Each structure stands twice: as C-alpha cells, then as structure tokens.
Amino acid sequence: MQDKPVFIAGPCVIESKELLNKVAEELQRLNKKYHTDIIFKASFDKANRTSLHSYRGPGLNKGLEMLMEIKERYGLRLLTDIHESMQAGPVGEVVDVIQIPAFLCRQTDLLVAAARTGKIVNIKKAQFLSGRDMRYPVEKCLESGAGEVWLTERGNSFGYNNLVVDFRNIPDMKEIVPTVIMDCTHSVQRPSAGEGKTVGDRKFVPSMAMAAKAFGATGYFFEVHPDPDKGLSDAANMLELDKLDALIGNLL
C-alpha cells in the first residue's frame with residue numbers, strides 16, 4: 001500500500017510562464033514540507049470549452065515546451081490531458097501521467113494510444129457513467145499494454161447545469177484499480193450555467209476532499225490558481241493557491 005495519497009495540483013490551463021512558475025514553486029515547497037510528491041497539472045489545450053471564443057491554451061508544441069521547463073526546473077512529475085490520439089506520442093515523451101478527459105473516457109482509440117506510451121493513464125469517470133462502468137475503459141488500457149491505470153471521480157450529471165457526487169463510486173472503482181482519485185474542483189462545477197461558460201462553487205472543494213477521504217480515496221486532484229477569479233478557464237472552481245497548504249495538511 002502507498003504511504004501517502006496521490007496529490008495532483010496546478011492551474012486548469014497554461015496561461016503564462018509566470019503562472020506556471022508561481023504554482024510550481026509552491027508545490028515544490030509543499031513537497032518538502034510534507035514529504036510528498038505532488039504531481040504538477042496543467043492543460044496545453046482545453047478542447048472542450050463551452051464557447052468557441054473561450055481561451056484554450058498555447059497548443060501542443062508550445063505547451064509541452066513550457067511543461068518540460070517546469071519539470072526540469074522544479075523536479076516535479078507532470079500530468080496533462082489529451083483529446084486526440086495523435087497527441088499521445090509527443091505528450092508521453094514529456095509527462096509522467098496522461099489524463100483522459102471525462103467526456104472522452106469511452107473513446108477507444110484515445111485510450112489505446114495513451115496506453116501504448118507506457119505512461120500511467122489517469123481516466124476521469126464520465127459524468128454519465130457509474131463507478132462500476134469504468135471497468136471497461138480500464139480493460140481497454142490494460143489490454144493495450146498500459147502498466148498502470150488510475151481512475152478519477154468527478155461527479156455525475158444531475159439534471160441540467162449541475163453535478164452531484166455519489167461517493168459510493170470511490171469504493172466501487174477501488175474494486176477495479178488500486179488508485180482512485182477525487183477531483184475536488186471539477187466536481188463542484190455547474191456546467192454551462194454561466195451564460196456561455198461553466199461556473200461552480202469553490203467553497204465546497206475542501207468538503208469534497210474530506211468526504212472522499214472518508215470513502216477511501218487514494219488521491220486528490222486540485223486545480224489551483226493564485227487569483228482564481230482571474231483564471232482563463234474554470235475560474236469559479238479553482239482553489240486559491242494559498243489554501244492548498246492547509247488542505248493537504250488536513251488530508252495527511
């Protein structure tokens with residue numbers, strides 16, 4: 001059994017080098033303070049934004065270059081998500097964990113391409129699936145050569161423009177894989193409820209984390225930002241960077 005939970009943290013999308021460095025410096029500090037191995041997360045392209053006019057990120061090549069700089073400067077492991085099969089190869093050369101977005105967790109070609117990189121594959125559970133349904137995406141990855149697969153809970157659709165978390169999904173998914181992560185920030189979203197953008201309730205993020213701990217989660221995912229309300233993606237859901245220290249302390 002692992003000594004400590006998996007922690008994943010970082011801004012929703014790559015906005016600038018300055019933002020990446022500020023977040024990475026704090027994660028490096030927390031790793032030293034708590035003897036943890038927080039994985040740095042940021043997206044090079046948010047391909048599923050609500051509006052065509054929403055900021056998506058710097059793109060594949062520039063984004064991977066910026067992530068590699070963070071890895072080399074701060075010694076942090078990296079996670080990013082892919083939306084197309086052709087992204088798996090170049091992403092796998094840079095990051096340690098390839099994430100499959102929730103909307104795409106049944107996309108066979110995407111799962112197979114991620115698995116073939118040899119990297120850890122973290123599959124986010126779709127908003128329209130149960131925890132037990134995730135055995136099939138996992139099987140696709142394992143049968144395609146993945147050495148390690150994680151699953152992430154991020155809530156289920158609850159009518160229109162809302163999510164609800166059924167924490168029973170965590171023990172259900174632990175029967176499939178040993179590492180089950182709670183996405184504590186995306187689970188507080190209110191999808192497309194903000195006039196062309198997704199909004200949410202970041203005040204519930206700590207409670208989501210503690211509830212997930214009670215249900216046996218083995219990891220926690222936090223999108224963080226020094227000034228979330230100025231974030232270019234998922235602004236309403238990201239946790240303030242200066243609150244991450246106390247929350248990780250409580251979870252440990």
Side-chain angles (χ1 to χ4, degrees), residues 1-10 14 36-48 57 59-68 70-72 75-154 169-183 186 216-221:
M1 295 180 63
Q2 58 193 28
D3 296 328
K4 292 182 179 178
V6 174
F7 289 107
I8 301 165
I14 297 173
T36 50
D37 180 23
I38 304 171
I39 300 170
F40 183 93
K41 180 269 172 185
S43 297
F44 57 82
D45 179 23
K46 300 299 292 185
N48 56 354
L60 178 66
N61 294 332
K62 182 62 176 178
L64 289 180
E65 178 184 318
M66 295 169 76
L67 288 173
M68 178 60 81
I70 292 299
K71 186 172 192 174
E72 293 175 345
L76 296 168
R77 289 199 291 163
L78 300 176
L79 176 150
T80 198
D81 39 7
I82 61 173
H83 292 82
E84 300 180 57
S85 301
M86 54 77 61
Q87 296 172 339
V91 168
E93 294 178 5
V94 175
V95 309
D96 303 275
V97 185
I98 295 178
Q99 183 164 278
I100 306 298
F103 288 126
L104 302 178
C105 75
R106 292 180 58 168
Q107 295 297 104
T108 300
D109 290 346
L110 190 65
L111 292 165
V112 170
R116 287 178 175 170
T117 66
K119 300 298 183 177
I120 297 169
V121 181
N122 180 37
I123 312 172
K124 298 184 79 170
K125 181 184 72 62
Q127 300 91 328
F128 49 84
L129 294 179
S130 73
R132 292 178 179 175
D133 292 331
M134 294 306 292
R135 60 175 287 194
Y136 303 106
V138 170
E139 287 174 356
K140 289 179 182 180
C141 287
L142 294 177
E143 291 177 19
S144 301
E148 187 172 355
V149 180
W150 299 348
L151 290 175
T152 294
E153 166 62 35
R154 53 98 71 241
N169 283 324
I170 293 173
D172 282 348
M173 291 193 290
K174 285 178 69 177
E175 294 180 3
I176 304 169
V177 295
T179 302
V180 175
I181 294 162
M182 181 68 207
D183 185 339
H186 286 95
T218 58
Y220 306 91
F221 180 111

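Since this is a predicted model, take the numbers as computed values, not measurements. Throughout, numbering of the chain's residues begins at 1 and tracks the sequence.
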TODO: Kindly write out the residues that satisfy side chain to side chain contact (heavy atoms under 4.5 Å, CB included) with Pro171, not counting sequence neighbours, or none if the list is empty.
DONE: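 Testing Pro171 for side chain to side chain contact (heavy atoms under 4.5 Å, CB included), a comparison that skips the adjacent residues, returns Phe215.
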
How many angstroms lie between [atom1] in [X] and [atom2] in [Y], if you round to the nearest 0.5 Å?
| X | Y | atom1 | atom2 | answer |
| --- | --- | --- | --- | --- |
| Phe221 | Arg154 | CZ | CZ | 9.5 Å |
| Ile181 | Ile170 | CD1 | CD1 | 11.0 Å |
| His83 | Leu60 | NE2 | CG | 12.0 Å |

Can you name the nearest heavy-atom pair linking [X] to [Y], along with the distance?
| X | Y | answer |
| --- | --- | --- |
| Ile123 | Met134 | CG2-CE, 3.6 Å |
| Val149 | Cys141 | CG2-CB, 3.8 Å |
| Gly131 | Met173 | O-CG, 3.4 Å |

TODO: Please collect all salt bridge (charged side-chain N to carboxylate O under 4.0 Å, His left out) contacts where either partner lies in residues 84-103, sequence neighbours excluded, each pair once.
DONE: Lys71-Asp96

- [ ] Can you run down the salt bridge (charged side-chain N to carboxylate O under 4.0 Å, His left out) pairs that involve residues 124-135, sequence neighbours left out, and say none if there aren't any?
- [x] Lys124-Asp183, Lys125-Glu153, Arg132-Asp172, Arg135-Glu139

Do any side-chain atoms of residues 97-120 form donor-acceptor pairs under 3.5 angstrom with protein atoms, and if so which ones, sequence neighbours left out?
{"residue": "Gln99", "atom": "OE1", "partner": "Asn122", "partner atom": "ND2", "Å": "2.9"}
{"residue": "Thr108", "atom": "OG1", "partner": "Lys140", "partner atom": "NZ", "Å": "2.8"}
{"residue": "Thr117", "atom": "OG1", "partner": "Ala114", "partner atom": "O", "Å": "2.7"}
{"residue": "Thr117", "atom": "OG1", "partner": "Lys119", "partner atom": "N", "Å": "3.2"}

Distance-only donor-acceptor pairs under 3.5 Å for side chains of residues 36-46, two or more places apart:
{"residue": "Thr36", "atom": "OG1", "partner": "Asn31", "partner atom": "OD1", "Å": "2.9"}
{"residue": "Asp37", "atom": "OD2", "partner": "Arg77", "partner atom": "NE", "Å": "2.9"}
{"residue": "Asp37", "atom": "OD2", "partner": "Arg77", "partner atom": "NH2", "Å": "3.0"}
{"residue": "Lys41", "atom": "NZ", "partner": "Cys12", "partner atom": "O", "Å": "2.8"}
{"residue": "Lys41", "atom": "NZ", "partner": "Ser43", "partner atom": "OG", "Å": "3.2"}
{"residue": "Lys41", "atom": "NZ", "partner": "Glu223", "partner atom": "OE2", "Å": "2.7"}
{"residue": "Ser43", "atom": "OG", "partner": "Cys12", "partner atom": "O", "Å": "3.2"}
{"residue": "Ser43", "atom": "OG", "partner": "Asp81", "partner atom": "OD1", "Å": "2.8"}
{"residue": "Ser43", "atom": "OG", "partner": "Asp81", "partner atom": "OD2", "Å": "3.2"}
{"residue": "Asp45", "atom": "OD1", "partner": "Arg56", "partner atom": "NE", "Å": "2.8"}
{"residue": "Asp45", "atom": "OD1", "partner": "Arg56", "partner atom": "NH2", "Å": "3.2"}
{"residue": "Asp45", "atom": "OD2", "partner": "Arg56", "partner atom": "NH2", "Å": "2.8"}

Task: OH/Tyr136: more than 12 non-hydrogen atoms of other groups inside 6.0 Å - done: no

Task: Tyr220: partners by ring-ring contact (aromatic ring centres under 6.0 Å, His included), with sequence neighbours left out - done: Phe7

Task: Residues which pass side chain to side chain donor-acceptor pair (under 3.5 Å) with Glu175, listed by chain and number, not counting sequence neighbours - done: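 In terms of side chain to side chain donor-acceptor pair (under 3.5 Å), with neighbours along the sequence ignored, Glu175 is linked to no residue.
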
Task: Leu67 side chain reached by Ile14 side chain, heavy atoms, under 4.5 Å - done: yes

